[in-house]
Protein chains: 2
Amino acid sequence: MGLDAAAPKSYIRHMSVHKLEITAQPREPDMPETLGFRPLYRQVKAIFVRRLMDGVWAPGAVLPSEGQLAAEIGVSQGTVRKALDELAAENLVVRRQGRGTFVAEHDERRILFQFFKLAPDQGAPRFPDSVVLSVTTGPADDAERTALDLQEAAPITRIRRQRSFDGAPLIVETVSLPQALFPGLENGPIPNNLYSLYAGHYGITIANARERLKAVALSAKDAAALGAAAGEPALQIDRIALSLDGTPVEHRLSLCLTQEVHYLSDLR
Amino acid sequence: MGLDAAAPKSYIRHMSVHKLEITAQPREPDMPETLGFRPLYRQVKAIFVRRLMDGVWAPGAVLPSEGQLAAEIGVSQGTVRKALDELAAENLVVRRQGRGTFVAEHDERRILFQFFKLAPDQGAPRFPDSVVLSVTTGPADDAERTALDLQEAAPITRIRRQRSFDGAPLIVETVSLPQALFPGLENGPIPNNLYSLYAGHYGITIANARERLKAVALSAKDAAALGAAAGEPALQIDRIALSLDGTPVEHRLSLCLTQEVHYLSDLR
DNA sequence: TAGTGGTCTAGACCACCTA
DNA sequence: AGGTGGTCTAGACCACTAA
């Protein structure tokens with residue numbers, strides 16, 4: 001690690017005191033001097049993200065106070081603050097006035113807020129029940145290779161499950177995971193909250209995801225899993241979930257009956 | 001207007017100099033003193049939003065510099081900056097280093113980025129062509145009354161149109177608008193970019209929107225407008241668009257064929 | 001009461017743009 | 001060259017929480 005040489009001269013005096021190396025990166029003469037400019041607070045943020053990835057700061061844990069971090073890294077509290085603010089904006093960290101800054105957890109509250117966009121037409125959003133239909137392994141198919149950015153035929157673990165509200169089938173989905181990242185997952189029990197499992201058991205934090213939605217007609221097989229008629233319209237959700245460093249680590253193809261439920265998208 | 005009395009005592013000295021009144025709001029004795037606390041920068045932000053609503057700052061215009069605004073209002077540049085940063089985060093304002101801060105416009109670029117989430121499976125996102133099928137007026141139906149938070153039977157203008165990529169029908173939608181807010185709209189020409197019309201002709205800025213998605217089977221009428229078969233699955237998008245002050249001003253019900261197109265939702 | 005994050009200020013300097 | 005937003009610092013005080 002180490003902070004860029006892009007830090008302005010006037011701070012060098014200050015920075016020369018702290019523990020981080022100033023890695024002098026010589027620039028190409030014909031490159032504008034500012035092309036590689038990265039603000040200090042982003043470098044500090046990168047240090048923090050690294051600590052999250054490495055498990056130095058585990059989910060639920062309290063971070064050191066802003067003042068302590070500032071002193072440790074050798075920057076002002078305002079710079080630490082700006083770095084933490086960005087992490088909070090990305091839901092990687094939760095700040096609570098008077099208490100401290102905590103590493104975000106994948107509890108049901110967060111998942112409901114960030115990752116589960118299906119809500120009942122009437123009533124409050126809630127977490128569905130899950131029944132695992134099968135857990136299988138095999139080489140990645142084309143869709144999985146594209147989604148997960150994998151080499152040909154990389155081994156994949158697939159979880160197929162049905163999810164429901166009060167016993168009424170709602171979703172049938174297939175979750176595809178690279179075995180290299182989740183070894184042995186196919187042998188253990190599969191909890192309802194997968195992201196909590198990824199974090200707790202494999203040290204992989206899902207940071208964000210991208211979903212592509214289509215309306216499709218149910219196949220006979222999917223219809224059977226949902227107790228619906230083949231050909232019935234269903235909402236298809238194709239999700240790619242990314243870890244802290246932006247690597248795609250999960251592909252999920254969900255089919256949802258939307259008679260009494262909708263997908264909520266806030267355009268801000 | 002005027003800033004809260006909640007401003008800390010140490011700033012009163014400073015604030016007594018500037019032009020804004022300090023409206024003393026007496027508190028209930030049993031209420032915690034901090035319940036009504038609103039940071040200075042949010043009060044400043046509210047002043048700016050008001051100027052956007054009143055058209056003092058029109059779409060595309062340059063705002064005064066941070067320093068000028070700070071001097072005018074009588075707060076520090078940092079406080080103005082924090083207010084503008086939030087407006088930029090809400091896409092109400094665009095900041096460009098070295099140039100200035102501009103009022104956001106509803107040009108195609110912004111709409112594509114913020115409001116139009118349908119993208120071709122292959123190729124770059126783009127704006128569809130539109131053909132107006134009908135413009136009608138009438139009393140609000142139940143769905144419109146709920147969506148637009150209207151009195152019973154408030155008059156509504158409805159625009160029904162078909163949208164397509166390269167002549168291939170993609171969307172058939174009905175846009176419902178309160179006539180009170182958009183008088184005479186039913187008589188004029190209907191441009192492809194409605195939000196630009198709202199802003200330019202009626203001074204109404206769409207700030208954000210909420211969409212609810214379902215998969216449905218096409219009715220015979222909608223299928224005809226799309227050149228598709230009745231019963232075919234379609235993505236139904238139910239949008240409520242809100243103006244700067246949070247008032248719902250537009251309801252839009254769209255039906256989309258998603259064979260070669262998907263709805264993109266980023267989970268962050 | 002002590003400690004945390006949140007707000008606010010003041011001032012310096014940097015990166016970027018226009019002219 | 002001059003102006004704009006962007007970064008960084010230093011220090012004070014406020015709001016909130018827990019012991």
Side-chain angles (χ1 to χ4, degrees), chain A residues 3-18 27 31-45 61-71 73-89 93-102, chain B residues 3-18 27 31-45 61-71 73-89 93-102:
Chain A
L3 303 186
D4 278 1
K9 289 172 193 170
S10 56
Y11 306 127
I12 298 287
R13 173 183 50 76
H14 182 267
M15 292 173 63
S16 65
V17 177
H18 64 65
R27 301 175 187 286
M31 293 286 261
E33 187 179 339
T34 57
L35 243 193
F37 175 72
R38 221 177 50 170
L40 236 200
Y41 73 86
R42 284 206 193 274
Q43 304 178 44
V44 172
K45 180 183 169 190
V62 179
L63 270 58
S65 73
E66 295 180 352
Q68 287 167 8
L69 290 169
I73 300 179
V75 300
S76 78
Q77 182 174 342
T79 299
V80 167
R81 160 169 289 277
K82 192 148 187 183
L84 290 177
D85 280 345
E86 289 206 349
L87 293 179
V93 125
V94 178
R95 319 196 73 180
R96 288 183 218 155
Q97 184 172 127
R99 296 191 51 196
T101 304
F102 302 80
Chain B
L3 303 186
D4 279 1
K9 290 171 191 168
S10 56
Y11 305 129
I12 297 288
R13 175 183 48 76
H14 182 266
M15 293 174 63
S16 66
V17 177
H18 63 64
R27 300 176 188 286
M31 292 286 261
E33 188 180 341
T34 57
L35 243 192
F37 175 72
R38 223 177 48 170
L40 237 200
Y41 72 86
R42 283 203 192 277
Q43 304 177 44
V44 172
K45 180 184 169 189
V62 174
L63 270 57
S65 74
E66 295 180 352
Q68 286 167 8
L69 290 168
I73 300 179
V75 299
S76 78
Q77 181 174 342
T79 299
V80 167
R81 161 169 289 276
K82 193 149 186 183
L84 291 177
D85 280 345
E86 289 206 349
L87 292 179
V93 125
V94 177
R95 320 196 71 181
R96 290 186 217 151
Q97 185 173 115
R99 297 191 49 196
T101 303
F102 302 79

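In what follows, chains are A, B, ... by sequence order, proteins preceding strands, each numbered from 1. Keep in mind that the numbers below use all heavy atoms, side chains included, and drop hydrogens, waters and symmetry copies. Quick caveat, the model's predicted, so the values are computed rather than measured.
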**Student:** Any idea which heavy atoms bring A:Ala83 and A:Val44 closest together, and the distance?
**Tutor:**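 Shortest heavy-atom separation between A:Ala83 and A:Val44 comes out as CB-CG1, 3.9 Å.
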**Student:** Is the distance from OP1 or OP2 of D:dG3 to the nearest side-chain N or O of B:Ser65 less than 4.0 Å?
**Tutor:** no
**Student:** Would you mind reading off the distance between B:Gln77 atom CD and D:dG3 atom C1', rounded to a whole angstrom?
**Tutor:** 12 Å
**Student:** Whole angstroms only, please: what is the CZ-P distance between B:Arg42 and C:dT7?
**Tutor:** 7 Å
**Student:** In whole Å, I'd like the distance from the NZ atom of A:Lys45 to the P atom of D:dC8.
**Tutor:** 13 Å
**Student:** Should A:Arg99 be listed as having a side-chain N or O under 4.0 Å from OP1 or OP2 of D:dA18?
**Tutor:** yes
**Student:** Where do B:Leu84 and B:Val93 come nearest, in terms of heavy atoms and distance?
**Tutor:** O-CG1, 4.3 Å
**Student:** Provide, to the nearest angstrom, the distance between the CG atom belonging to B:Leu40 and the C1' atom belonging to D:dA15.
**Tutor:** 15 Å
**Student:** Taking the six-membered ring of A:Phe102, is NZ or CZ of A:Arg96 closer than 6.0 Å to its centre and within 45° of its axis?
**Tutor:** yes
**Student:** How many whole angstroms separate atom CZ of A:Arg95 from atom P of D:dC16?
**Tutor:**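 Value for this atom pair: 16 Å.
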**Student:** Could you state the CZ-P distance from B:Arg81 to D:dT4, rounded to the nearest angstrom?
**Tutor:**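 It works out to 13 Å between those atoms.
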**Student:** Give the nucleotide from the list D:dG6, D:dT7, C:dG5 with an atom nearest to the side chain of B:Glu66.
**Tutor:** D:dG6
**Student:** Please pick, from D:dC8, D:dT4, C:dT9, the nucleotide with the shortest atom-to-atom distance to any side-chain atom of B:Val75.
**Tutor:** C:dT9
**Student:** Side chain to side chain donor-acceptor pair (under 3.5 Å) with B:Lys45: which residues, sequence neighbours excluded?
**Tutor:**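 Once residues adjacent in sequence are excluded, the partners of B:Lys45 under the side chain to side chain donor-acceptor pair (under 3.5 Å) criterion are B:Glu86, B:Glu90.
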**Student:** How is B:Arg96 classified with respect to the nucleic acid when contacts are heavy atoms under 4.0 Å: base, sugar-phosphate, or nothing?
**Tutor:**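 Touches sugar-phosphate only.
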**Student:** Would you mind telling me which of D:dG5, D:dG6, C:dT7 lies closest to the side-chain atoms of B:Pro39?
**Tutor:**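 In terms of side-chain proximity for B:Pro39, the closest of D:dG5, D:dG6, C:dT7 is C:dT7.
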**Student:** Could you give the CZ-to-P distance, from A:Phe37 to C:dC14, as a whole number of Å?
**Tutor:** 11 Å
**Student:** CD of A:Gln97 versus P of C:dA2: gap in Å, rounded?
**Tutor:**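 So the CD-P distance, A:Gln97 to C:dA2, works out to 19 Å.
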**Student:** Kindly say if A:Ser76 contacts the phosphate of D:dC8, meaning a side-chain N or O under 4.0 Å from OP1 or OP2.
**Tutor:** no
**Student:** Within the structure, does a side-chain N or O atom of B:Lys82 lie under 4.0 Å from either OP1 or OP2 of C:dC8?
**Tutor:** no
**Student:** Considering residues at least two apart in sequence or located in another chain, which fulfil the side chain to side chain donor-acceptor pair (under 3.5 Å) criterion with A:Gln77?
**Tutor:** A:Glu66
